[in-house]
Amino acid sequence: MRYWSQYWAAIPPPGGTVAHEPSPLTGLRVVDLSTTFMGPYCTTLLAQWGADVVKVEAPEGDVLRYVGDARAPGMGPIFLNANRGKRSVAIDLKDDGARGVLTRLVETADVLVHNLRPRAAARLGITPERMLALNGRLVYCAFRGFGSGGPYENRPAYDDVIQGASGMAAVQAVDGSRPAYWRSAAADKTMGILGAAAVLAAVQGRAVTGRGRAIEVPMFESMASFMLLEQQGGWIFDPPDGPIGYPRTESPYRKPFRTKDGYLAVMVYTDEQWRSFFTAIGEPELADDPRYRTIGTRTENVDELYSLMDEHLTRRTTAEWQEAFERADIPSSKVNTIRDLFEDEHLAATGFFERVDHPSVGRLRMARSPVDMGDRATAAPRLPPRLGEHSVEIAREAGCDDAAIAALLGRGALVTPQGEEGHAPRE
C-alpha cells in the first residue's frame, strides 16, 4: 500500500524532475506559551505539519513534564507525546530582560498561543491589544475555560470541569446511573484540534487581508457546541418541538457486543446494511418489519434492535462475525485495548509508529501524525525538547548578544538543561 506522500512524490513538477513536497506549514513561526493538554496538543499538530514551534516555558517547566514515569527528569510520557517537534526556551517572564526576549520573538512570529486566564495574561502584558501592537500580522490565539464577557470568564477550568459543565458527563449516565467522565482528556484534546483549525483559518484570513487577529477558543462554549450537534433533538426549534437527546446514543444496549470469545464493535446503519445483517442472523424477514424498515423507525426502536444484536452475536466468535460483516460491508472491529494498538496489523502496515532515539530518554515509539500532508517520505520527526534545550539558540534569534545571554543565565531568568552551561531549573 502506497502512502499519499509517495503518490505526490511520483508526480513530476514543471520541468520534468521529481520533487518532494515541503511540509505545508514550513516557514510558519509559532510562539507557544501554553501548558498541560489542549494548547500543547494544538501546537504539536502545527509542528507535525511543518511549523517552527517555540515552546516558551517557565523556569520550572510545563507541569506535564512531571506526570508519569520518566527515564529522565522532566521528560514524562505525556509531555513527550504532547510536545514533539518543538524547541524549548525557558525564561522567567517576571524578569524585565526575559520579557524582552518574548517581545522580540512575538515581533517576528506568525502565531502566538497561550492558555492563560485573562487576569494572568494582563499581569504579564500578554494581552491581544499589546501583542497585536507589536506585530500587526500576528495571529493571537487564547485558549480559555470560559469565553470572555460572561460571569464565568475568570474561572479556572480543566477537562473534568468542562466535561461536567458541557453535558458530556451527564450523557454518559445510562438508566439512571450516575454521570461519568470519558476515560480520556476528551475535552482538552478536542479543544487542541479546534484550536489548530482556528489558527489555520486566521492564517488564511491574514493571507487575504494582510492583517492578524485575536481569536479566542473557549472550552465551555466549544464543548457545549460539540455536544449539541446530535444531542439537541427537538430543542433545535424555538419553542421546543420534542425531547432533547439522540435515541441511538442513549440506548443502554449501545455498547460493544459480547461474542463467543470476546467483544465486537459493530455499527449497522444503512437500509442495505440492516438487510444484510438480518440475513446474516437468519432472520431476513425482519427487513420488512415496519419497526425496522427505515432509519426513522429504527431510531425509534433502537433498544429492540440493539437487544437483538446482543442476543445473536454471542453465537459466533469475533473472527467469524468479522468475516461475515466484511462480506456484507458492515463496519465492525474487535475491541482493542490500548496495548493491542501496538500489535495491530493495519497500524504496522501503514507505518503508524515511528521509532526515534532521544538523547535523554533513549529509544521512543511515537504515533506519527495521522494526517498525511504529502511530505511523509522525507519529513524527519523533531524530538520532544528538554527544558530550555534551545534557550540560548532562541535568545540569539531574538537578538540577544552573548553578554545579554550571560546576564540572563547568571540571574536565572534564562534556563538551560541541567548539566549544561547556565542554570538548572528551580525545584
Side chain to side chain donor-acceptor pair (under 3.5 Å) partners of D110, counting only residues at least two apart: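 R206.
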Test side chain to side chain donor-acceptor pair (under 3.5 Å) applied to D402 - qualifying residues, sequence neighbours left out: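 Only R396 meet the side chain to side chain donor-acceptor pair (under 3.5 Å) criterion with D402.
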Test salt bridge (Lys or Arg N to Asp or Glu O under 4.0 Å) applied to R365 and E354, step by step: CA-CA 6 Å; R365 176 168 50 184; E354 297 174 318; over 6 Å; no
Contact between [X] and [Y] at the side-chain level, heavy atoms closer than 4.5 Å - yes or no?
| X | Y | answer |
| --- | --- | --- |
| T35 | N115 | yes |
| M38 | K189 | no |
| D340 | K334 | yes |
| S276 | Q273 | no |
| D52 | V30 | no |
| L228 | I236 | no |
| F352 | D344 | no |
| T416 | V392 | yes |

Verdict with reasoning, F146 to N154, per side-chain contact (heavy atoms from CB on, under 4.5 Å): CA-CA 7 Å; F146 302 90; N154 274 297; over 6 Å; no
Can you see which heavy atom on [X] is nearest to which on [Y], and at what distance?
| X | Y | answer |
| --- | --- | --- |
| P40 | N83 | CB-OD1, 3.8 Å |
| S360 | R386 | OG-CD, 2.7 Å |
| L64 | F79 | O-CB, 3.5 Å |
| D303 | Y253 | O-CD1, 3.6 Å |
| S333 | Q322 | CA-NE2, 3.8 Å |
| R155 | R117 | O-CD, 3.7 Å |

Hey, could you give me the [atom1]/[atom2] distance between [X] and [Y], rounded to the nearest 0.5 Å?
| X | Y | atom1 | atom2 | result |
| --- | --- | --- | --- | --- |
| I405 | I394 | CD1 | CD1 | 11.0 Å |
| L105 | L134 | CG | CG | 11.5 Å |
| D188 | C42 | CG | SG | 12.0 Å |
| R248 | Y306 | CZ | OH | 4.0 Å |
| I215 | F143 | CD1 | CZ | 8.0 Å |
| F257 | M309 | CZ | CE | 4.0 Å |

Are any side-chain N or O atoms of [X] and backbone N or O atoms of [Y], one a donor and one an acceptor, separated by less than 3.5 Å?
| X | Y | value |
| --- | --- | --- |
| R99 | L93 | yes |
| R368 | G351 | yes |
| S222 | M219 | no |
| E326 | E323 | no |
| S369 | V371 | yes |
| R298 | Y269 | yes |
| D95 | A413 | no |
| T279 | R275 | yes |
| Q163 | D159 | no |
| D92 | A98 | no |

Candidate pair V415 and I91, rule side-chain contact (heavy atoms from CB on, under 4.5 Å), full reasoning: CA-CA 6 Å; V415 169; I91 55 178; over 6 Å; no
side-chain contact (heavy atoms from CB on, under 4.5 Å) between T44 and Y41, worked out: CA-CA 5 Å; T44 209; Y41 187 43; 4.0 Å; yes
Taking 4.0 angstrom as the limit, do [X] and [Y] come out as a salt bridge?
| X | Y | value |
| --- | --- | --- |
| E216 | R144 | yes |
| E397 | R29 | yes |
| E311 | R315 | yes |
| K55 | D62 | yes |
| K260 | E320 | no |

Intermediate values then yes/no, side-chain contact (heavy atoms from CB on, under 4.5 Å), T259 and T317: CA-CA 5 Å; T259 66; T317 67; 5.6 Å; no
Geometric class of the W321/F325 ring pair [parallel <30°, tilted 30-60°, perpendicular >60°]: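 Ring orientation, 0 to 90° scale: parallel.
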Parallel, tilted or perpendicular, as decided by the 30° and 60° cut-offs, for the rings of F353 and F342: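 Geometry flag for F353 against F342: parallel rings.
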S88-E57 side chain donor-acceptor pair, cut-off 3.5 Å: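 Checked: S88/E57 side chains pair up, N/O donor to acceptor below 3.5 Å.
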Results of side-chain contact (heavy atoms from CB on, under 4.5 Å) for Q204 - residues two or more places apart only: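 side-chain contact (heavy atoms from CB on, under 4.5 Å) check on Q204 returns A207, V208.
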Evaluation steps, side-chain hydrogen bond (donor to acceptor under 3.5 Å, both in side chains), between K86 and T43: CA-CA 8 Å; K86 305 176 187 179; T43 53; 2.7 Å; yes
Heavy atoms from other residues, nucleotides or ligands near CZ of R339 exceed 12 (cutoff 6.0 Å):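 No.
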Greater than 12 external heavy atoms within 6.0 Å of D401's CG: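 Yes.
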side-chain hydrogen bond (donor to acceptor under 3.5 Å, both in side chains) between S307 and D310, intermediate numbers included: CA-CA 5 Å; S307 180; D310 200 25; 5.9 Å; no
